[in-house]
Amino acid sequence: MLDEWSSSLLQTDPMRAYRMKRDAAHRTVQSKYTILGFISSGTYGRVYKAQSRDDVDTGGDGKAGKIHAIKKFKPDKEGDVVAYTGISQSAIREIALNREISHENVVALKEVILEDKSIYMVFDYAEHDFLQVIHHYSQTLRAQIPPAVLKSLTYQLLNGLLYLHTTHILHRDLKPANILITSSGTVKIGDLGLARLTHSPLQPLFAGDKVVVTIWYRAPELLMGAKHYNKAIDCWAVGCVLAELASLRPIFKGEEAKLDSKKNVPFQRDQLIKIFEVLGTPDEREWPGIKDMPEYNNMKRLDHFQNHLQEWCNSRIRSSSGFDFLRQLFAYDPENRLPCREALQHKWFQDEPKPTANAFQTLAAHQIPPHRRITQDDAPSMMPMPQVQPHPQGSGKPGSSASFASMTQLSGGGGGGYQTSGGRKKARMG
Amino acid sequence: MATDFWASSHHKRWVVDRASVKRARAEDLLYVDDPEYLDFLAIFFANCISRLGKKLQLRQRVIATATVFFRRFYLKNSYCETDPFLVIAACCYVAAKAEESPLPIKNVVSDARFVFSQEMYGIKTFPSDTSKLAEMEFYLVDDLECDLTIFHPYRTLMTLCYKEGSNVGAGGGADGNIEAGELGAGIDDGQRYWGTGEGRLELHEGALQMAWFIINDTYRSDLCLLYPPHLIAIAAIYLALVLHTPTRTLIQSQTAPGSSSASATGSACSGPTTANPTPAPVRRSSRQASNASSSSSKKNQQHHQPQDFVGFMASLNVSMPLIATIAQEIISLYTLWDRYKEDSPTSTSSLDSSAKGSFTSNQGRHNSPFTTGTKRSATGTNTSRSGSVTTNVSASAGTGSHAGTPMDIVREDGVEITPVFLVKVLLKMREGKWTDLAARSGLGEGGDGGGNGPRAVNKILGRTQAAG
């Protein structure tokens, strides 16, 4: 029978054999991928660009492995020691949802690697994102995004969102930085870290996350304190993103009122004013439910504004169907807001120029934003990687796709926590 | 995803055949004295999950998800080389998160320590260090291949049926009035994911409750690995129609005039009947009727136009032989479970929300076509299931005419299957496995790491091989 040593080990650590078996079979991140560089960081952790070492992934040319974006969740630390403290709710959510979905316009999860107390999600790589496009046009080209591109990006975004909504997923964090574009011009909705299934929830949506959606993209019902909300909050965000693509700056760029010390959600006065300045103050006629909103009385105390959306669109969208489209996405009453399916049928998409499958199809090379810059990780403990290679796509335009990482943080709302003081600015380039 | 079962990881990767389930126990079979113990362990572990889940105040659906995680984990691993109690705690912890009702890890650890140290389990070694559970969570999620979205039969039940007298479509979630066993709790509307999606069955509250409880019970077997959830739900409805006496009586009176095709009640036609020879037009959709009778009770139900239960089942567009097979497997589970003795340490037993009682009490009922017919099939399935039926089951089931005979709890070899006993079985298996591991590494030929399997020295091996 068992000797004393084994016997005591069996008592104290019955899973030992299992762990040894599992650890022996484990293929590490390092053995499967070459880390090429650091892309960005957020409250959740850090994103790296990586190349597959797998032969099956080399796409036939026998040389270059497929490129991926690896999202490494921030490990929990107790002091300086990394310890197992349980997988965060948002990681569980993002992993669980991503395993179930598959759509042309949603970023594909290739695999999840659980290793050394860290979680690595391996996604298909996307070269661009909406924020980067906006910056390229506002800073480098100093021109509007052409209507064909505007429409293509919006159309594909809605197409991906329709898929999520038909599978009962609310994204809850749509914003330019989270919407990616491949080098072949296909839009990919990313970052399902705040997304949630709305089908047969055991908990009300409000219970889990008091604040959803980055403030500039947050729908009025959320700002008014609604406990119940639905897919319409994502459609509002699409309107905000479209407006930002058209004007190259956030349409409702309010200041977020922070949670107080008791974590109560404050009245978002400034953000509502920013919305009212363009869309006018809502009344009970266009939004019957407004008088039942928790923040109704606070809202009543604000100045009264007229609707100026038509004027806003005149110089920026320059199309009557485009104005109508935006008007419907910005309906105050969530019940009247344009849902994805109807949005895709809208006349704006029927008018010339029509959207294209490759959103960049109509563009000259210099109009396409430069490739994503990668840098050396300034938190080397996070992921060992080789020296940064000379950048092959010498984008070189000063300030072009600049500070994408820092921009991500800027619009990263709700954040805090992760970014340590200083240091992070290194991600910026010029 | 939530609506599209056919595109889900559940459908694509986790409905497995019986051979896979059997293969998963191959190593455990080497170390267990009697293969049947493994079937009892399956019940025992599900009860453990249920107890811990209740202690953690998890909803029924979360407990169900935890149980599916547990079964999936042991599709890939052996009881004898793991600590199932730690796995159970990890399953509850992950399920709570996956179902959007997370719990602090330290609560899970302290409650698991409390529950498992109770006399019936006697596990004093559950780690108090939360990092052990968190580490297990990592391995668990990895073994689950990150597929954490589970479809359950409850949803199908509530889309197919509604409580007598309730508003069609309310589904139970809206009124917020949740009954014991959480009948209908948290069920949103949503389309059926197969067939035409039309028609719902109005069920007596007791029958609906029973179907719900039967579904609870199915998690004590491997059914959740073997069949898609909607088929399990339909099998549960089918059983509830037969086991729930008022509903059965109603169906019998409907189908009595010689409609032998009604499989559920086919043999009941000898009974006296008052039903019309030309039955009143039955309604496939009960929409109109339920609106007409908002305050329906058992009595005035008789005055309604009867629902066409058999027609409803037929309209579901699923394989009825398959439903019958699942129903038989559920019954064989009850037969097995009946021989397992677990006293609840408190009044709030984990078995509160089980239909086991109704099954057992129904067995004694004479004149029930169900009892004799199904007991025979129960043995049949049990045999095919694991080849581990002991002779006394066959014997008692064979004497179908004496339906009132209670099942013996004590096996012919005098062993009483209780939690205490099963914990011993488990520890013995684990010790056997470790002995082999130690022996192999001691002999210096441990490098090969497998293939030939351990050299088990106990009597089991011979028996297993003989049986297989």
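Lettering of chains follows the sequences in order, A, B, ..., and the numbering in each one begins at 1. The structure presented is a predicted model; accordingly, all values stated were derived computationally and were not measured.
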* Asked: Around atom CD of Q57(B), are there more than 12 heavy atoms of other residues, nucleotides or ligands at under 6.0 Å?
  -> no

* Asked: Is Y18(A) close to D143(B) at the side-chain level, that is, under 4.5 Å between some pair of heavy atoms?
  -> yes

* To do: Determine the minimum heavy-atom distance between G86(A) and E137(B), stating which atoms define it.
  => CA-OE1, 3.2 Å

* **Side-chain donor/acceptor of K97(B) to backbone N/O of I87(A), under 3.5 Å** => yes

* What are the two closest non-hydrogen atoms of L148(B) and A96(A), and how far apart are they? -> CB-CB, 3.9 Å

* Do Y139(B) and L114(A) come within less than 4.5 Å of each other through their side chains, counting heavy atoms only? -> no

* Which portion of S118(A) sits near chain B, non-hydrogen atoms under 4.5 angstrom -> backbone

* Asked: So do the side chains of R16(A) and W434(B) get within less than 4.5 Å of each other, counting heavy atoms only?
  -> yes

* **Chi angles and distances behind the side-chain contact (heavy atoms from CB on, under 4.5 Å) call for T149(B), R99(A)** => CA-CA 9 Å; T149(B) 307; R99(A) 286 290 287 172; over 6 Å; no

* To do: Indicate whether the side chain of S8(B) and that of E100(A) have a donor and an acceptor atom separated by less than 3.5 Å.
  => no

* Can you find a pair of side-chain heavy atoms, one from E135(B) and one from M15(A), that are under 4.5 Å apart? -> no

* Flag the one option from D142(B), T125(B), L144(B) with the top tally of heavy-atom pairs under 4.5 Å to chain A. => D142(B)

* **L427(B), part contacting chain A, at a heavy-atom distance under 4.5 Å** => neither

* To do: Could you look at T82(B) and say if it's the side chain, the backbone, both or neither that has a heavy atom under 4.5 Å from chain A?
  => both

* Asked: V87(B) versus chain A, heavy atoms under 4.5 Å apart: side chain, backbone, both or neither?
  -> side chain

